[in-house]
Amino acid sequence: MTVSTRTKPTPDKSSAPHPTLRIYNTLSKRKEPFVTVRPGKVGIYLCGPTVYDKAHIGHMVGPVIFDCVKRYLEYCGYDVTWVVNITDVDDKLIKKANERGISMLDVAEENIADYNSNLAALGVDQIDHFPRATECMADIIDLIRSLIDCGFAYQSDGDVYFDVSKDADYGKLSNRSIDSMQGDGGSGGERKRHVADFALWKAAKPGEPSWDSPWGAGRPGWHIECSAMSKKLLGETFDIHGGGLDLVFPHHENEIAQSECCHAKPMVLYWAHNGLLRAGTTAAKIGARTERPADSPPRSGEGLGEGSAEAVSGKMSRSKGAGGLADLIKRQGGQRVRFFLLRTHYRSTVLFNEPEIEEAGKGLETFNRLLKRYARITGNDFYALKPPTTREDGEAASAAGSDPVLQSAAVCRQKFLAAMDDDFNTGGAIGELFELAKITNKFCDDADLEGAGKTDAAAIAHFTSLLTTLKELSNILGLFTQPLPATTASDDLLAKLMPLVIDLRATARRIKNFAAADKIRAALAPIGITLEDRAGNTEWTRSGGVSDATNAIMKLLIQLRADARAAKDFATADTIRNRLTDLGITLEDRAGGTEWTRT
RNA sequence: GGCGCCGUAGCCAAGUGGCUAAGGCAUCGGAUUGCAAAUCCGACAUCCCCGGUUCGAAUCCGGGCGGCGCCUCCA
C-alpha cells in the first residue's frame, strides 16, 4: 500500500550537539539537545502571514520569538539564515480584491507594508528572506510534478491532490491517523480519493488569478508553497521550522508529507511551535468602561460588536474581531509590546489585554531609568556601548573581574544564558535582567556615583562594566538596542515648555515656598508627568495621562501667570510670558481668559 | 468523539525530583527626600483537590475538578 521509503533522521550527518542548548520539538514532544544539519549553520523557516488584511498582535508572537532565537543562536556562534514566507495567493485575498475592486497583488502589497512596519516597530530586524508564493511558482510546480512522478499525488479534473494513503508517516506531527480523518473533505471533496487528501494545485475558476501549469491554469494549494520555498532557500533538510500551534494540523503535517515524500529524507530537525494569544478576561480597554468582578466568568461573544476593536475573551483571531495592531503600537510603543510578548515563554498561551501591556511597560521603565542614570553619571550613551557579541567573548569578559559586584553580575549572566539554553526561556531571562538592574542601581547608591563617587574612576569603570553586561544580554532579546523613537512635533513643544515649568517650581523651592512648588507638581500628575528631583536639576517623564499634554501644560502656565498677577508678583508673570515668547508662543489676555497661539 | 495544552501569591510569570519556590506589577513597613519621585532594604505563596511512587515532589504516576486549543481558514 505505502511506498514511503523515508529514513529516520541521520545523526551522523548532523553537527555535534550544542553543549547546553535544548529545544522543544513538537515532533518528539520533548526537549532535545540542539544539533544542526551542517556544522555551524542554522536554517530557520517561520510560517508568515496570509496577507489578506492588516496584522493583529497574534501575528507578532512568532516573529518576535524567532527574532530572539536568531539573535541567540548567532550569539552562540552559529551562522543563521531565517526565512519568513508571505502567502499572497489565497481564497481570502481573491475575495478581498473582488470586494474592493483592486487586484490581488494590490491587496497583498498593502498588507505586506503594514506587516513590515509592525515588525520594524517591534524591533524584528533579523529576517533574511521574505519569499512570496507568487514569486516561487516555478519551484512550486516542480515540486508538484515531482510528487506526481513519484506516485504521491494525482490529477483530478484540473486539480492535483496529495494522496495521503501513500504516506506511511502521515499524521506523525499532529499525532493522528488517516482513519480518524472525518468530514466531507471540503471543497472539491468529490474529486479526492480520500477525504484527507489535500490540494497541491487548484484549477482556476473564471476570473481568478492563475498561473500556467502542466495541469492547466490554476494556483497552488496552501501547503505546497512552504515545502517549495523552504527547499529553495534552506535545502531539503533544515534545522528549525516555526509557526503558531494552530498550524500543526493540517498545514505543517501536510508540509512534512509533501517534502518528505518528495525527498525521502527528514524535512526538519526541530518543529518549534509558539503558543497562541488569547484575549484577556478583563474588559478594560479604550472606549469601554464596563467593569466586571474579577471572578465573574467571561461570556463568550461579548463585546464583539461592530464598534469593538478587540475581543473581550477567547482566541485572538480575525474572525473574533482582533485587529488594530498598528493602533496598539501607536498607543503603547513597539518596545512595550515586544517586552510583553517576551515575558512569557513562547510555548505558553499569552493572555492579551492592554492593561497587561501597560503593566509590562512599568517594568520596562526600570531599565530605561537605569540607562538615563548611566548617561547622567558618566555622560556616555548606553546605546553606544560595545558589549561582547558572542558567548565566547562574553565568557572571557565576565570572568575577568574578581570584584563581588561584578561576580554577582556574572552569576546573572550565567542564569540568563541557562534560561535561554532551556528552550529559549525569555521569561526567566528577563528575570535575570531585572536582577542585574537591581545590582547596578545598588552599586550606584553604595558608591554614591551621583555624589562624591562621581570622580572615582574605578567605580565608574565597574559601573560601565555592569551596563555593558546589561547591553550584552539585552541585545540577545532585542531590547534596548536603540533609543526610544523620537518625539512627535507636539511632544517637541512639550519638551520646550517643561523647563519653564520646572524653573518656576525651582524658584518657589529656593525661596522655601513649598506650597507653591507642590502645587505645580500636583498639577502635573493628572497630565501624566512625573518629576524627579536630582542633585542640581529636575528630570521629568511622561506616561499615560491626558492625550494633549502640551495644551494641558499651557493651561497650567497660564494659570500660574494669573496667580502671580493676582499676587502682584509681576516679575514672575512677565518671566512666564517672555519665555513663552522666546518659544514662539503668544499670550493674549482677553476678558474670558488668556489664549495662546503658536507663531 | 479523536488529539493536545494548562491550573504556582491580589494580578502577570519563571521553576518540571532535593539549598530559604526567580522576577515583574500592586500593597504594607524602613532608609533617602523640605514633601515627593527615583533608588535601596524588608514584609507578602508550601505550588487546584485526592491518592500513589520516592529518603525526598510544585516538579513523576493514577483519579477528580476547572480553564483552553486543534480536528474548517488562522501566527
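In what follows, chains are A, B, ... by sequence order, proteins preceding strands, each numbered from 1.
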> In whole angstrom, give me the gap between the C1' atoms of B:U33 and B:C19.
39 Å

> So what's B:C68 paired with, Watson-Crick or G-U wobble, going by both distances under 3.5 Å?
B:G4

> Which whole-number value in Å describes the distance from A:L436 CG to B:G24 P?
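Interatomic distance, CG of A:L436 to P of B:G24: 13 Å.
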
> Which of parallel (below 30°), tilted (30 to 60°) and perpendicular (above 60°) describes A:W82 and A:F66?
tilted

> Should the pair A:H251 and A:H223 be assigned to parallel (<30°), tilted (30 to 60°) or perpendicular (>60°) ring geometry?
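Tilted.
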
> Give A:D422 one of three labels, base, sugar-phosphate or nothing, depending on what nucleic acid heavy atoms sit under 4.0 Å from its own.
sugar-phosphate

> Over 60° means perpendicular and under 30° means parallel, so classify the ring planes of A:F352 and A:F340, tilted if in between.
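Perpendicular, since the angle between the ring planes exceeds 60°.
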
> Take the protein atom CZ of A:R30 and the nucleotide atom P of B:U16, then report the distance between them rounded to whole Å.
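The answer, rounded to whole Å, is 16 Å.
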
> A:D448 CG to B:C40 P: how many Å, rounded?
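Those two atoms, CG and P, are 15 Å apart.
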
> Using purine N1 to pyrimidine N3 plus N6-O4 or O6-N4 for Watson-Crick, or N1-O2 and O6-N3 for G-U wobble, each under 3.5 Å, what pairs with B:G10?
B:C25

> Taking only N/O atoms, report every protein-nucleotides 3-6 of chain B pair under 3.5 Å with atom names and distance.
from	atom 1	to	atom 2	distance (Å)
B:C3	O3'	A:N175	ND2	2.8
B:C3	O2'	A:S174	O	3.2
B:G4	OP1	A:N175	ND2	2.8

> Need to verify one output field. Residue with the more 5' nearest nucleotide on RNA chain B, A:A360 or A:K92?
A:A360

> A:F198 has an atom CZ; how far is it from atom P of B:U72, in whole Å?
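Going from CZ in A:F198 over to P in B:U72 covers 14 Å.
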
> In whole angstrom, what separates A:K362's NZ from B:C11's C1'?
11 Å

> Measuring to OP1 and OP2 of B:G15, would you say a side-chain N or O of A:N425 lies under 4.0 angstrom away?
yes

> Mind telling me whether A:W271 and A:H273 have parallel, tilted or perpendicular rings, with 30° and 60° as the class edges?
parallel

> Let me know, please, whether A:G48 or A:H345 comes out on the 5' side of the other along RNA chain B by nearest nucleotide.
A:H345

> Please give the distance between the P atoms of B:C12 and B:G7 as a whole number of Å.
12 Å

> Quick check: do A:Q258 and A:M267 have side-chain heavy atoms less than 4.5 Å from each other?
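SC-SC contact between A:Q258 and A:M267 ruled out.
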
> Do nucleotides 28-36 of chain B as a string where each nucleotide becomes B, S or -: B if the base has a protein heavy atom under 4.0 Å, S if just the sugar-phosphate does, - if no protein is that close.
------BBB

> Are the side chains of A:L173 and A:V248 in contact, using a 4.5 Å heavy-atom criterion?
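A side-chain contact under 4.5 Å exists here.
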
> Pick base, sugar-phosphate or nothing for A:T538, based on heavy-atom distances below 4.0 Å to the nucleic acid.
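Counting heavy atoms under 4.0 Å across all strands, no contact is made by A:T538.
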
> How far, in whole Å, is B:A37 from B:A45 if one measures between their P atoms?
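My reading of the P atoms in B:A45 and B:A37 gives 25 Å.
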
> Write down the distance between CG (A:N441) and P (B:A37), rounded to a whole number of angstrom.
16 Å

> With a non-hydrogen cut-off below 4.0 angstrom, is A:G242 in contact with a base, only sugar-phosphate, or nothing?
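Since no nucleic acid heavy atom lies under 4.0 Å of A:G242, the category is nothing.
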
> My understanding is that only one of A:K31, A:R22, A:R347 makes a salt bridge (Lys or Arg N to Asp or Glu O under 4.0 Å) with A:D422; could you say which?
A:K31

> Is the closest side-chain heavy-atom distance between A:D423 and A:H345 below 4.5 Å?
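In contact.
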
> Just compare B:A37, B:C12, B:A75 and give me whichever is closest to any side-chain atom of A:L351.
B:C12

> Are more than 12 heavy atoms from other residues, nucleotides or ligands located less than 6.0 Å from atom NZ of A:K512?
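For A:K512, atom NZ is not crowded (no more than 12 foreign heavy atoms under 6.0 Å).
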
> Return the pairing partner of B:C40 with a 3.5 Å limit on both distances, Watson-Crick or G-U wobble; otherwise return none.
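Because both required distances fall under 3.5 Å, B:C40 counts as paired with B:G30.
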
> Measure from the side chain of A:D445, starting at C-beta and using heavy atoms only, and say which of B:U39, B:A37, B:A75 lies closest.
B:U39

> Mind checking the C1' distance from B:G62 to B:G24? Whole angstroms is fine.
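Their C1' atoms lie roughly 36 Å apart.
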
> Can you tell me if A:T50 touches the phosphate of B:A75, counting only side-chain N or O atoms and a distance under 4.0 Å to OP1 or OP2?
yes

> Mind checking whether A:F424 and A:Y346 have parallel, tilted or perpendicular rings, split at 30° and 60°?
tilted

> Hey, does the side chain of A:N85 reach the backbone of A:G48 with a donor-acceptor pair shorter than 3.5 angstrom?
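Yes; at least one donor-acceptor contact below 3.5 Å.
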
> Using the C1' atom as the reference point in each nucleotide, state the distance between B:G18 and B:C60 in Å, no decimals.
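Here B:G18 and B:C60 have their C1' atoms 14 Å from each other.
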
> Please list, pair by pair, any protein nitrogen or oxygen found under 3.5 Å from a nitrogen or oxygen in nucleotides 20-23 of chain B.
none

> What interatomic distance, in whole Å, is found between C1' of B:A26 and the corresponding atom of B:C44?
11 Å

> Report the nucleotide, chosen from B:A75, B:U39, B:C12, that has the shortest atom-to-atom distance to any side-chain atom of A:L276.
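So the nucleotide nearest the side chain must be B:A75.
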
> Taking any strand in view, what nucleotide pairs with B:U54 in a Watson-Crick or G-U wobble way, both distances under 3.5 Å?
none

> Expressed in whole Å, how much space separates the C1' atoms belonging to B:U46 and B:A58?
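Taking atom C1' in both B:U46 and B:A58, they lie 9 Å apart.
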
> How are the rings of A:F480 and A:F367 set to each other: parallel, tilted or perpendicular (split at 30° and 60°)?
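Tilted, since the angle between the ring planes falls between 30° and 60°.
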
> Is the shortest side-chain heavy-atom distance between A:M498 and A:I529 below 4.5 Å?
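They are in contact (side-chain heavy atoms under 4.5 Å apart), so the answer is yes.
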
> Verify, without hydrogens or angle tests, whether A:E208 (side chain) and A:K205 (backbone) share a donor-acceptor contact under 3.5 angstrom.
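Flag set: sc A:E208 to bb A:K205 pair under 3.5 Å.
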
> Return the nearest nucleotide to the side chain of A:R278; candidates are B:C68, B:C71, B:A75.
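For A:R278, the side-chain atoms sit closest to B:C68.
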
> Rounded off to whole Å, could you give me the CD1-to-P distance for the A:I357 and B:C12 pair?
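Rounding to the nearest Å, CD1 of A:I357 and P of B:C12 are 15 Å apart.
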
> May I ask which nucleotide in the shown strands pairs with B:G17, Watson-Crick or G-U wobble, both distances under 3.5 Å?
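No nucleotide pairs with B:G17.
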
> How far does the C1' atom of B:G66 sit from the matching atom of B:C28, given to the nearest Å?
32 Å

> For A:F249 and B:A75, give me the distance from atom CZ to atom P, rounded to whole Å.
17 Å

> Among A:R100, A:K92, A:K95, A:K96, which residue meets the salt bridge (Lys or Arg N to Asp or Glu O under 4.0 Å) test with A:D53?
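The single option meeting the salt bridge (Lys or Arg N to Asp or Glu O under 4.0 Å) with A:D53 is A:K96.
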
